[in-house]
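Worth knowing before you read on, the calculation uses all heavy atoms, side chains too, and leaves out hydrogens, waters and symmetry mates.
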2 protein chains.
Amino acid sequence: MPTPYSTPMELLARKLDSCARLSDADRAAILGLAHTVRVLPARHDIVRFGERSNQSCLVLQGWVSRYAALSEGERQILSFYIAGDMPDLQSLHLDRMDHHLATLTTCTIAFVTHDELHRVFRQHPNLIGILWRDTLIDAAHYRERITSLGRRQALGRVAHLFCELYLRQRAMGLTSGLSCPLPPKQSELADALGLTSVHLNRVLRTLRTRRLVTLNGGLLTIEDWDELAAVAEFDPTFLHQTVEGVPASEPAETV
Amino acid sequence: MPTPYSTPMELLARKLDSCARLSDADRAAILGLAHTVRVLPARHDIVRFGERSNQSCLVLQGWVSRYAALSEGERQILSFYIAGDMPDLQSLHLDRMDHHLATLTTCTIAFVTHDELHRVFRQHPNLIGILWRDTLIDAAHYRERITSLGRRQALGRVAHLFCELYLRQRAMGLTSGLSCPLPPKQSELADALGLTSVHLNRVLRTLRTRRLVTLNGGLLTIEDWDELAAVAEFDPTFLHQTVEGVPASEPAETV
DNA sequence: CGGTGCTTTGACATCGCTCAACGACGGTGG
DNA sequence: CCACCGTCGTTGAGCGATGTCAAAGCACCG
């Protein structure tokens with residue numbers, strides 16, 4: 001399932017279109033953004049805690065994670081990012097990183113300097129709101145994660161994350177039926193969900209046994225969306241996607 | 001400890017000054033924001049899940065909470081807001097609320113319409129970045145909460161929240177020595193921390209016994225900042241305050 | 001064919017939850 | 001003024017969900 005994009009900024013335009021409404025002028029401005037592209041190996045820090053950044057990154061291919069490092073080598077993964085996401089927009093207005101940003105898989109990443117972003121903002125003030133909105137949606141994801149960690153048990157937490165990651169990939173055309181890539185290892189999923197990898201493994205077995213979901217070789221397959229969403233108490237409102245499509249019991253194949 | 005402000009927008013200016021740098025022109029623009037003021041009773045919803053809003057609110061006095069409601073009457077408090085905070089800025093760019101906003105105590109709240117904000121943004125584009133930054137700091141608070149819920153045990157979680165709430169109030173001049181208001185009831189703190197009120201109560205006893213913190217009648221008193229911060233593994237970076245002041249062992253009295 | 005890293009499983013420990021009761025306190029009405 | 005009541009805080013006993021530790025299985029790869 002390769003990322004189906006022609007140019008980096010077309011990918012960004014597609015992404016922004018899935019959470020906002022992009023006018024033709026805005027779209028053109030996006031497509032004109034100067035950028036550089038780099039391929040980074042898996043498990044490689046992009047920006048580190050404490051650093052100042054003068055550019056923001058756009059994921060073109062692969063998965064990126066945002067994480068906080070605690071003492072004793074413990075780690076909390078704060079969020080996952082996929083093709084089309086700009087995980088580093090906050091550096092536009094916050095001077096120091098308060099966490100790390102790292103690749104999870106081999107990644108293709110585009111970098112846009114803050115100067116370039118400010119230039120486009122000056123010429124197309126509309127875009128400010130659209131990218132601001134993007135960071136607000138990021139915050140909405142955080143809120144949902146807080147709710148999960150605070151009030152759901154392990155099973156619901158895992159189910160909820162799977163629903164979220166499936167729908168986000170679906171909006172970017174990265175799913176195939178009820179399957180989608182899920183490259184993080186179990187220990188990484190555990191670090192995101194506030195669980196140990198041992199317990200996560202047992203939860204995965206439960207999900208498999210109950211015929212809700214299977215996870216194998218980096219491929220997630222949802223066998224029963226309705227039941228999975230019920231276990232997760234999943235409500236897609238927080239995703240703020242323009243296309244509200246929750247998979248029907250018999251979901252449409254994505255184009 | 002009454003909120004020491006003369007006018008609503010002076011309070012906002014003071015707040016923004018504590019996390020950014022406000023030029024004189026920006027400051028004047030803030031002071032000129034048209035608004036209305038209302039007093040709301042405690043435990044009163046300001047905006048509800050699913051609603052659309054055409055205004056944003058500014059807390060002038062009292063405490064506000066953002067919360068998600070789950071089935072079975074369960075609730076996760078996502079964050080607390082105090083005088084100077086604008087908890088509702090996201091409604092500028094997100095059409096539907098994905099959670100609730102409610103008063104915790106009796107509150108004085110100022111409301112500014114989105115139209116008015118957009119007007120000021122047009123005349124003072126600087127302010128866009130400053131308010132955007134404010135929402136990004138909100139997100140930084142979420143991240144820290146995720147880390148707490150995911151990777152800290154109850155004791156550290158509680159200690160961390162107390163450190164955060166103390167420093168945020170300190171930046172607004174709402175503390176007195178190492179004491180500050182903490183109006184939420186134990187059940188509300190528990191709902192914010194992913195604990196039951198019973199267990200939170202035991203944790204508070206531990207904190208009291210270990211002479212770190214006492215909480216009594218809505219007043220939080222920190223007895224040993226260094227030790228409390230150590231238990232919490234507290235690092236104030238995520239607050240993104242311009243004045244970095246962490247209380248010394250013998251903290252300066254706030255003016 | 002022997003690493004190396006990830007997943008899976010078992011046995012046991014522990015943190016935090018549940019249920020239940022009681023105490024402290026303030027408001028209200030007689 | 002006092003009895004009553006509701007709310008909040010406090011405590012105990014037992015239980016359940018999740019963590020810890022340790023080992024084995026398994027796939028990939030040199």
Colleague: Taking all non-hydrogen atoms of both residues into account, name the closest pair between A:Val64 and A:Pro87 and its distance.
Modeller: CG1-CG, 4.3 Å

Colleague: Tell me, please, which residues at least two apart from B:Thr135 pass side-chain contact (heavy atoms from CB on, under 4.5 Å).
Modeller: A:Trp132, A:Leu136, B:Leu89, B:Trp132

Colleague: Identify, residue by residue, the members of residues 148-160 of chain A with a heavy atom below 4.0 Å from DNA chain D, and return them in order of residue number, or none.
Modeller: A:Gln153, A:Ala154

Colleague: Touch check for A:Gly194, heavy atoms < 4.0 angstrom, all strands: base, sugar-phosphate only, or nothing?
Modeller: sugar-phosphate

Colleague: Under 4.0 Å from a heavy atom of chain A: give me the 5'-most and 3'-most nucleotides of DNA chain C that qualify.
Modeller: C:dC6 to C:dA11

Colleague: Would you say B:Tyr67 and B:Asp45 are linked by a side-chain donor-acceptor pair, where the criterion is simply a distance under 3.5 Å?
Modeller: yes

Colleague: Output all residues satisfying side-chain contact (heavy atoms from CB on, under 4.5 Å) with A:Asp224, sequence neighbours left out; order by chain, then residue number.
Modeller: A:Leu212, A:Asp226, A:Glu227

Colleague: Just jot down the side-chain contact (heavy atoms from CB on, under 4.5 Å) partners of B:Pro183, sequence neighbours excluded, or say none.
Modeller: B:Trp63, B:Thr105, B:Pro181

Colleague: With distance as the sole test, does B:Thr103 use its side chain to make a donor-acceptor pair with the main-chain N or O of B:His44 at under 3.5 Å?
Modeller: yes

Colleague: Grab the N/O contacts between the protein and nucleotides 25-30 of chain D below 3.5 Å, and write none if there aren't any.
Modeller:
none

Colleague: Can you list the residues that meet the side-chain hydrogen bond (donor to acceptor under 3.5 Å, both in side chains) rule with B:Thr36, with sequence neighbours excluded?
Modeller: none

Colleague: Do side-chain atoms of B:Gln186 reach the backbone of B:Leu200 as a donor and acceptor pair under 3.5 angstrom?
Modeller: no

Colleague: Can you list everything that forms a salt bridge (charged side-chain N to carboxylate O under 4.0 Å, His left out) with B:Glu233? Sequence neighbours excluded, please.
Modeller: none

Colleague: Do the side chain of B:Arg38 and the main chain of B:Ile109 share a donor and acceptor less than 3.5 angstrom apart?
Modeller: no

Colleague: side-chain hydrogen bond (donor to acceptor under 3.5 Å, both in side chains), that's the test. Do B:Thr214 and B:Asn216 meet it? Break it down for me.
Modeller: CA-CA 6 Å; B:Thr214 59; B:Asn216 218 317; over 6 Å; no

Colleague: With A:Arg208, which residues qualify under salt bridge (charged side-chain N to carboxylate O under 4.0 Å, His left out), at least two apart?
Modeller: none

Colleague: Are side-chain heavy atoms of A:Arg75 and A:Leu70 found at a separation under 4.5 Å?
Modeller: no

Colleague: Judged by atom type as modelled, is there a donor-acceptor pair below 3.5 Å linking the side chain of A:Arg48 to the main-chain atoms of A:His100?
Modeller: no

Colleague: Determine, for nucleotides 7-12 of chain D in 5'-to-3' order, which nucleotides have protein heavy atoms under 4.0 Å from the base (write B), from only the sugar-phosphate (write S), or from neither (write -).
Modeller: -SSBBB

Colleague: Tell me the side chain to side chain donor-acceptor pair (under 3.5 Å) pairs involving residues 140-153 of chain A, sequence neighbours left out?
Modeller: A:Arg66-A:Tyr142, A:Asp138-A:Tyr142, A:Tyr142-B:Arg143, A:Arg143-B:Asp98, A:Arg143-B:His99, A:Arg143-B:Tyr142, A:Glu144-A:Arg152, A:Glu144-A:His160, A:Ser148-A:Arg152, A:Arg151-B:Asp191, A:Arg152-A:His160

Colleague: Note the angle between the end axes of the helix from C:dC1-D:dG30 to C:dG30-D:dC1, five pairs defining each, rounded to 10 degrees.
Modeller: 30°

